[in-house]
Amino acid sequence: MRSATVTDLPPRRPNGLTVLDACCGAGGLSMGYYLAGYDVVGVDINPMPNYPFEFHQADAVQYVTDHGADFDLIHGSWPCQHFARVTAWRGNRDNHPDLLGPGREAMRSTGRPWVIENVPEASWSRHLRADYLLCGSQFGLNVRRHRAFETSWGGGGDLLPPCWHHKGLLPFEHKGERAYADAMGCTWMNKTEARQAVPPAYTEWVGRQYLDHHHTPATCTRAQQR
């Protein structure tokens, strides 16, 4: 378990709420929630030495089942390889488990609001409802990286500009991974970690939609127990 010190992190205005980020990776989406004001705890089955917040190495589905009710909001980036087109091109989807369904059920069992992030292909196959479909170009980032978000509250909130896939957007290429990671805003990660990362701007926006339009005060959360 690692906890970042305040000097490690950019300034933000805390909102008093907590997020559990399941399958957190190196923390791209965790950072977005942090910037939106949440205190973040991450869990992943793999070690994540560069994760910038409190971290637990554990089975994420089980951790959500056991501890999710202690948080104000639960986020799940359940593995996308089963749905991604690149897996069908270069491998076999059957070699990658589908944790989206079990993860959703674990989140629902907690009674807390939740968010699921995955590749757009998961929504095309109707395994995920795309309440929000986000791209880096909508946030002024120089990357094209689409991700779908399903929420327990069904979406809604503020409008965003449409995608603008201009010619200057950085493509994801192994020879340019460091530049791509930095353009996403994932500067603390190494380039290998950033391959699976998502820009923090996405959950900074999603987290604020929940806070501004859908949040009602909860009782006895992890933040209140501290």
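Side chains are part of it too, since the values below use all heavy atoms of this structure and drop only hydrogens, waters and symmetry mates.
- Here the OG-CG distance, from S137 to N142, works out to 10.0 Å after rounding to the nearest 0.5 Å.
- Judged by distance alone, with hydrogens and angles left aside, the side-chain atoms of S77 form no donor-acceptor pair with the main-chain N or O of C24 at under 3.5 Å.
- Qualifying ring-ring contact (aromatic ring centres under 6.0 Å, His included) partners for Y38, counting only residues two or more places apart in sequence or in other chains: Y33.
- Here the CG atom belonging to D39 is positioned 10.0 Å from the CZ atom belonging to F71, to the nearest 0.5 angstrom.
- Of the inter-residue distances, the one linking M189 atom CE with M184 atom CE reads 6.5 Å to the nearest 0.5 angstrom.
- Side-chain contact between Y180 and R195 is absent, with no heavy atoms from C-beta onward closer than 4.5 Å.
- Summarising the geometry, atom CG belonging to L29 is positioned 8.0 Å from atom SG belonging to C186; distances are rounded to the nearest 0.5 Å.
- Between atom CD1 of residue I45 and atom CG of residue D59 there is a gap of 5.0 Å, rounded to the nearest 0.5 Å.
- Side-chain contact between F149 and I116 is absent, with no heavy-atom pair separated by less than 4.5 Å.
- Between the side chain of N118 and the main chain of W78, a donor-acceptor pair closer than 3.5 Å is present.
- Using the six-membered ring where Trp is involved, Y63 and H67 have ring planes that are tilted, between 30° and 60° apart.
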Quiz item: Between V41 and D21, is a side-chain contact (heavy atoms from CB on, under 4.5 Å) present by the stated rule, with each step listed?
Solution: CA-CA 6 Å; V41 174; D21 187 357; over 6 Å; no

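- When side chains are defined from C-beta on, P113 does not count as touching M107, because their heavy atoms never get closer than 4.5 Å.
- Nearest heavy atom pair, residue C135 against residue Y202, reads C-OH, 3.2 Å.
- In this pair, W153 and Y210 present their aromatic rings tilted. The plane angle is within the 30 to 60° band.
- Applying side chain to side chain contact (heavy atoms under 4.5 Å, CB included) to Y34 and the options P10, P14, P52 leaves one that passes, P10.
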